Every structure is written in structure tokens, then in C-alpha cells.
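Dropping the structure in here first, questions after.
Predicted, not measured: the structure shown is a model, and the values here were computed from it.
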Amino acid sequence: MDHYKHITIDERETIFLMRNHGNSLREIASHIKKSYSTISRELSRNSTGKSYSPSKAQEKYKQRKGNCGRVSLLSNPQVFEVVREHFCEDLWSPEEISNRLAVEKYPVQISTTTIYRGIFNGLFDNLFKSGSSSAVRHLRHHGKSRHNKAYQEKRGKIPIPNKIHDRPREADNRVEIGHWEGDTVLGKSGKACVVTLVDENLVTCLLVKLLKELQKQSRIL
């Protein structure tokens, strides 16, 4: 038997038809590939007397499914007010709020993940006295980064306007001088730095050691 799966509306209609034709519960279970206990539970839960309605059974299923699951702690008015006060008025981070409630042994403990989830779901929007109406804007680091797989981090990276495949044919064919290729070589300690300039047409390589003051200003190299 496969892992348990909820009964669909089509299967409920099949149960209704086969039951009216006098098929046994085991025959119905075998036909829709469910266990006998699943069919028995479905009929006992959703039948009114001896009458079974697939549409009404589906509605009851949706209601029960909507009521299941863990209720968010932020739905508690007292917990929400404590988090709102510290986050919106005191401008504390979710980590500070969670840790402070733990230190003070607050009756209800709340995790940073729950607070972040409430912030991203908009529970604290428009509750700040000034600034952006979006609560996410008030996060110090905006919580966990949320990017798609195609996102590329650009911070700390130097944009290179000229790519190697964009260089002129004269440089590739080595028909003229003056096409220098520059690079940097860092020492093991990260303090020493050497700039290399190579002209393949002249078979010449120039090496220049940078001073510490110049190294700080040589991000373009």
C-alpha cells in the first residue's frame, strides 16, 4: 500500500456511485486503491444517516483542513503587542526580541523565525511612526536574503567593462605593439602587491611593486 493520500472529489463520487450499486467497502477500496479503513472512515465521517454526498464530504474536508496546523504565536494579541512594541517602537531586531523574552522568562517564548515570518507577511506594516510603511525596510539586514537562482551577488566585485574577447584583432594577431595586458600578483600575507604589464608583441614584461598607500587606492587594477 502506498503512503496515505487524501481522497479526491473524483474518488468521493466513485464511492457514492459504487455504494449505491451495492458494492462492498472492500470492493470500493480495491477499485480506488485505498484501504478498507479509509473508505469506512470516509463514510462514517461524512454521512448523514445513510445518505452520503460527495460535494458535502468535500466541503467538510476543506473545513477540517483549514482548521488543522499550528496556530502562529503572533495571533495571540498579548504576544503580538509585545513584539510590536519592541520592533516598531524600540526598533529591536527579531534576535534581540526573542532573546530578551527568553532572558526575562516571558510566559510565551517566540523564535526569531516566527517574528521574521510575521514581518515578511506584512503583520507589522504601517505600524511605524515614521519612515517606510513596509516593516521589512526597518530590518537591519532585511533578514535572510531571498533571491532566485539566477541572482548574482555584485557587492565587493569590481565591474570589468572590457572583456578579453572584445580586444581588437591586432592584439590577437600580434601585428602591432602597445596592447598591454595588466594583472596583479598578491603576496602570501596579502600585504605585498606587484603589477604586471605584458606586451606579447615585444615579448616584454614590466613588474611594478605597489606601495601600501597606493594599494589602498588601486582597486581598479
Side-chain angles (χ1 to χ4, degrees), residues 72-74 82-104 106 109-221:
S72 174
L73 291 175
L74 291 176
V82 171
V83 176
R84 183 206 64 78
E85 179 181 356
H86 289 318
F87 179 61
C88 300
E89 297 182 12
D90 300 333
L91 302 180
W92 288 8
S93 68
E95 290 80 5
E96 289 174 325
I97 297 172
S98 177
N99 293 334
R100 173 55 61 180
L101 295 182
V103 170
E104 295 179 352
Y106 191 76
Q109 300 298 312
I110 185 170
S111 67
T112 57
T113 302
T114 300
I115 299 175
Y116 274 117
R117 187 180 296 115
I119 294 172
F120 283 110
N121 288 339
L123 297 182
F124 300 95
D125 288 353
N126 301 311
L127 297 181
F128 290 86
K129 295 181 180 180
S130 61
S132 174
S133 61
S134 173
V136 178
R137 295 290 183 181
H138 293 269
L139 287 172
R140 296 176 185 176
H141 298 289
H142 303 288
K144 181 180 179 181
S145 296
R146 298 189 175 188
H147 303 298
N148 56 32
K149 295 181 179 179
Y151 175 81
Q152 293 183 353
E153 181 60 68
K154 296 181 179 179
R155 295 178 299 177
K157 296 184 178 181
I158 302 174
I160 302 176
N162 299 321
K163 304 297 181 61
I164 190 68
H165 58 265
D166 294 331
R167 63 184 180 181
R169 293 182 179 179
E170 291 78 6
D172 288 332
N173 299 331
R174 303 178 184 179
V175 297
E176 61 183 21
I177 63 174
H179 296 285
W180 295 89
E181 295 183 5
D183 200 354
T184 55
V185 180
L186 295 178
K188 183 177 181 180
S189 63
K191 297 180 180 179
C193 181
V194 175
V195 177
T196 65
L197 297 173
V198 178
D199 189 323
E200 295 184 357
N201 191 34
L202 290 177
V203 193
T204 303
C205 177
L206 301 180
L207 301 178
V208 181
K209 183 179 180 180
L210 291 181
L211 299 177
K212 292 184 178 180
E213 292 76 9
L214 294 178
Q215 292 180 29
K216 298 178 181 179
Q217 304 176 5
S218 60
R219 295 182 179 179
I220 60 174
L221 296 179

### Message
I'd like to check Leu127 versus Arg84 (side-chain heavy atoms, cut-off strictly below 4.5 Å). Are they in contact?
### Response
yes
#### Entry: side chain to side chain donor-acceptor pair (under 3.5 Å) partners of Asp183, counting only residues at least two apart
none
### Task
Write down the atom of Leu123, the atom of Leu74, and the distance for their closest heavy-atom approach.
CD1-CD1, 3.9 Å
### Task
Determine whether Leu207 and Val195 make a side-chain contact, defined as any pair of heavy atoms from C-beta on separated by less than 4.5 Å.
no
### Euclidean distance, Glu96 CD relative to Leu91 CG, rounded to 0.5 Å
10.0 Å
### Query
About how many Å separate CD1 of Ile97 and OG1 of Thr112, when rounded to the nearest 0.5 Å?
10.5 Å
### Query
Do the non-hydrogen side-chain atoms of Phe120 and Arg117 ever get within less than 4.5 Å of each other?
no
### Atom of Thr196, atom of Val185 and distance for their closest heavy-atom approach
CG2-CG2, 4.1 Å
## Note on the structure
What one should report as the nearest heavy-atom pair of Ser111 and Ser98 is CA-OG, 3.9 Å
### Message
Taking Ala102's backbone N and O only, do any of them form a donor-acceptor pair with Gln109's side chain (distance below 3.5 Å, no angle check)?
### Response
yes
#### Entry: Non-hydrogen side-chain atoms of Ile115 and Phe87 separated by less than 4.5 Å
no
### Query
What class does the angle between the rings of Trp92 and His86 fall in, given that below 30° is parallel, 30 to 60° is tilted and above 60° is perpendicular?
parallel
### Task
From the options Ser93, Ser134, Pro94, select the one residue that forms a side-chain contact (heavy atoms from CB on, under 4.5 Å) with Leu139.
Pro94
### Message
Just to verify, what does Glu85 make a side chain to side chain donor-acceptor pair (under 3.5 Å) with, not counting sequence neighbours?
### Response
none
### Query
Is the number of heavy atoms from other residues, nucleotides or ligands under 6.0 Å of Ile177 CD1 greater than 12?
no
### Task
Drop me the distance from Glu89's CD to Phe128's CZ, to the nearest 0.5 angstrom.
10.0 Å
### Message
Less than 4.5 Å apart, side chain to side chain, heavy atoms only: is that true for Leu101 and Ile110?
### Response
yes
## Note on the structure
Between the CZ atom in Arg100 and the CG atom in Asp90, the distance rounded to the nearest 0.5 Å is 11.0 Å
